[in-house]
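Can you keep this structure in mind? I'll have questions shortly.
Start at 1 with the first residue, then count along the sequence.
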Amino acid sequence: MASHYEAPIRRPLVIGDKGYHDVTVDIAAPVEGKANKHWWIVFTISLVALLWGVGCIIYTISTGIGTWGLNKTVNWAWDITNFVWWVGIGHAGTLISAVLLLFRQKWRMAINRSAEAMTIFSVIQAGLFPIIHMGRPWLAYWVLPIPNQFGSLWVNFNSPLLWDVFAISTYLSVSLVFWWTGLLPDFAMIRDRAVKPFQKKIYSLLSFGWSGRAKDWQRFEEVSLVLAGLATPLVLSVHTIVSFDFATSVIPGWHTTIFPPYFVAGAVFSGFAMVNTLLIIMRKVCHLEAYITVQHIELMNIIIMITGSIVGCAYITELFVAWYSGVEYEQYAFLNRATGPYWWAYWAMMTCNVFSPQFMWFKKLRTSIMFSFFISIVVNIGMWFERFVIIVTSLHRDYLPSSWTMFSPSYVDIGIFIGTLGFFFVLFLLYARTFPVIAQAEVKTILKSSGERYKKLRETGKPLYEITKTTDVKDNVVEEKLLSNEEQESQVSTLLDSIGAFDANTETPDDLKKVKGIGPQMEKTLNQIGIFTFAQVSKMTEKEYNLLDSITGSFPGRAQRDDWAGQARILNNNK
């Protein structure tokens, strides 16, 4: 019987009749194929948002921070809100990869790559705001204890603002190394499949000489575990240090010891929501439904529900501590949040962060893709409002009523935030077109224990060593998957109806071997089907490519990847 056994109660993590080659083809397809219309639409919108943000940043630096809506009382507002929000989103990537790796959770395999990339890109956005807030970004190195034109400028090591720099730069560095290490086998896979010399050379450099030897894998696993061990405490430390920016002050509503665990829980909460948003988009756009399954989305929703409940408990604890302290300033700060001029932001925060995740108690809702997508966006909106409420409502009414004021963002504030959103999605979309969005090597390691095909085979009592490439399972019966002559004839007929039949009386066969990717054997196969000319090949679209793959059964996806139709069109025009 099979050496890999898993309790039948566990659902498969890879659905469909997927073998090892199918995994490679499916995951390489978004990188090797052409971008679809939906990708270009989202990329164009993101690029416009990015350019708008760049324009607002240039205007801010050239004019001064006065272009923002800050005032003497509310000197931290929109920019620090966005900084903390982006840092929080960056949390979940390392948590998914590092913590779930240490706990040997198999469901991380399909989602860790997108989560790690999200961490890198969101921390980049977070780092922009403190640098812009300096007013003179070219002097940003002053925050580091290094010699400069004024001599040795020693910064205040007691300040949590300085430790922000150390914590976030360390977090970014470790996350970047962890992400890149995991990508090495996938870069090697793209390198080995590449047809163009330039592409092969680029991915050869990116893969750092990965050969797939046992020694490579041994080092890969050792380094991954070490990096996971380093990254796990960073998940807790980074947002703890961010919370110290507030907790070490004497401002009512900030001066509280609950901030470190409260901020960490909120960061994990918002980070998982953003990962869920990206996964739902990626599984649809890149056709990865077989690997990012409803079960993955459901498990993410359960974590969102748990962390949302923890955040809700933190809100209640804050209110209790303010009441129990007997300090009038603290009591008023929280009363002002709920009933003052910014009451709408407070109740938006409570609705999005506390009430909306509770819908995930219902299995029907947490397994609904569209509802999960909606809730993940709602949660991120709510977490943005949380940071806004903490920062602005605590500052705009402090100890002296004479200094009370209101804050409202300027169009420059809003433009920079929209620009960072655009920058984030531009980076993520480009990443999805150049890097494999799923760790194919890791998915293959769980295929025999968590793949739908192999689970069905185990139920039939078929030993795994007897499985062949063409084995299919239907109704618990193991059969050989062979196309009947009738089916082949029907597919050939459909293909030739689309691209046109060859007339030997009026047409001359072309040398199809001039098309890169068509060798002597493939040309012979195409001739047997009835394809002899460049004109026929040039009419192929995705539908015809799929038919051809089904008929020939060799090198699936090769024709589309090499763009046979485009090559044939050029050759036909040059005849």
Side-chain angles (χ1 to χ4, degrees), residues 11 13 15 30 35-46 49 85-86 88-93 95-96 107-108 110-119 121-122 125 266-309 311 348-349 351-386 417-418 420-422 424-429 431-432 437-438:
R11 289 170 291 168
L13 293 171
I15 60 176
N36 56 33
K37 181 176 68 175
H38 300 98
W39 186 92
W40 279 110
I41 291 172
V42 178
F43 181 77
T44 303
I45 295 170
S46 302
W85 186 72
W86 277 117
I89 284 176
H91 252 62
L95 183 76
I96 289 173
W107 64 276
R108 72 177 281 277
I111 63 177
N112 63 325
R113 185 61 51 70
S114 294
E116 291 165 13
M118 183 202 72
T119 291
F121 303 147
S122 58
Q125 311 312 315
V268 174
F269 181 48
S270 62
F272 267 83
M274 181 61 87
V275 172
N276 225 12
T277 305
L278 296 173
L279 287 177
I280 291 170
I281 294 172
M282 296 304 295
R283 75 189 293 270
K284 190 68 178 175
V285 173
C286 297
H287 306 295
L288 297 172
E289 291 88 348
Y291 306 97
I292 304 172
T293 66
V294 174
Q295 186 184 0
H296 289 96
I297 304 299
E298 182 184 4
L299 290 167
M300 296 285 288
N301 285 333
I302 290 171
I303 295 177
I304 289 171
M305 176 183 71
I306 293 170
T307 50
S309 301
V311 168
M349 171 191 82
T351 303
C352 295
N353 295 344
V354 179
F355 303 127
S356 68
Q358 303 312 312
F359 287 107
M360 296 306 177
W361 286 100
F362 303 99
K363 187 177 180 67
K364 187 174 182 180
L365 293 178
R366 70 172 179 261
T367 54
S368 166
I369 298 297
M370 288 307 298
F371 187 76
S372 301
F373 185 67
F374 171 72
I375 289 295
S376 64
I377 293 174
V378 166
V379 165
N380 270 309
I381 292 172
M383 288 307 295
W384 188 92
F385 273 114
E386 180 205 279
F417 177 54
I418 291 174
T420 59
L421 287 172
F424 176 80
F425 281 103
V426 164
L427 289 173
F428 199 87
L429 289 165
Y431 143 78
V437 295
I438 290 179

Between Phe425 and Leu278, is the side chain to side chain contact (heavy atoms under 4.5 Å, CB included) condition met? List the steps.
CA-CA 10 Å; Phe425 281 103; Leu278 296 173; 3.9 Å; yes
Those residues at least two apart in sequence (or on a different chain) that pass side chain to side chain donor-acceptor pair (under 3.5 Å) with Ser372 are Asn301
Taking C-beta and beyond as the side chain, do Asn353 and Phe269 meet within less than 4.5 Å on heavy atoms?
yes
Looking only at non-hydrogen atoms, find the nearest pair between Pro357 and Gly308 and report the distance.
CG-CA, 4.4 Å
Does atom CZ (Phe374) have a neighbourhood of more than 12 heavy atoms from anything else shown, all under 6.0 Å?
no
Any side-chain heavy-atom pair from Val311 and Glu386 closer than 4.5 angstrom?
yes
Is Glu298 salt-bridged to Arg366, going by a charged N under 4.0 Å from an acidic O?
yes
Over 60° means perpendicular and under 30° means parallel, so tell me whether Phe417 and Trp384 are parallel, tilted or perpendicular.
tilted
What pair of heavy atoms forms the shortest contact from Ala49 to Gly422, and how long is it?
CB-CA, 3.9 Å
Once you round to the nearest 0.5 Å, how far does CD1 of Ile297 lie from CD1 of Ile369?
5.0 Å
Between the main-chain N or O of Val354 and the side-chain N or O of Gln358, is there a donor-acceptor pair closer than 3.5 Å?
yes
As an exercise, state the distance from CD1 of Ile111 to CE of Met300, rounded to the nearest 0.5 Å.
5.0 Å
Residues in ring pair (Phe, Tyr, Trp, His ring centres under 6.0 Å) with Phe424, at least two apart?
Trp86
How many angstroms lie between OG in Ser270 and CD1 in Ile304, if you round to the nearest 0.5 Å?
10.0 Å
Non-neighbouring partners of Ser376 that pass side chain to side chain donor-acceptor pair (under 3.5 Å), sequence neighbours left out
Thr277
Side-chain donor/acceptor of Thr293 to backbone N/O of Ala290, under 3.5 Å
no
How long is the span from the CG atom in Leu279 to the CG atom in Asn276, to the nearest 0.5 Å?
6.0 Å
Separation of Trp361 CH2 from Met305 CE (nearest 0.5 Å):
4.5 Å
Hey, is the main chain of Asn380 close enough, under 3.5 Å, to the side chain of Trp85 for a donor-acceptor pair?
yes
Heavy-atom distance under 4.5 Å between the side chains of Arg113 and Tyr431, does that happen here?
yes
So which heavy atom on Ala432 is nearest to which on Met282, and how close?
CB-CE, 3.4 Å
Are the side chains of Val379 and Ser356 in contact, using a 4.5 Å heavy-atom criterion?
yes
Enter the distance from Ile438:CD1 to Arg283:CZ here, rounded to the nearest 0.5 Å.
10.0 Å
Please determine whether the number of non-hydrogen atoms from other residues, nucleotides or ligands lying under 6.0 Å from atom CZ of Phe371 exceeds 12.
yes
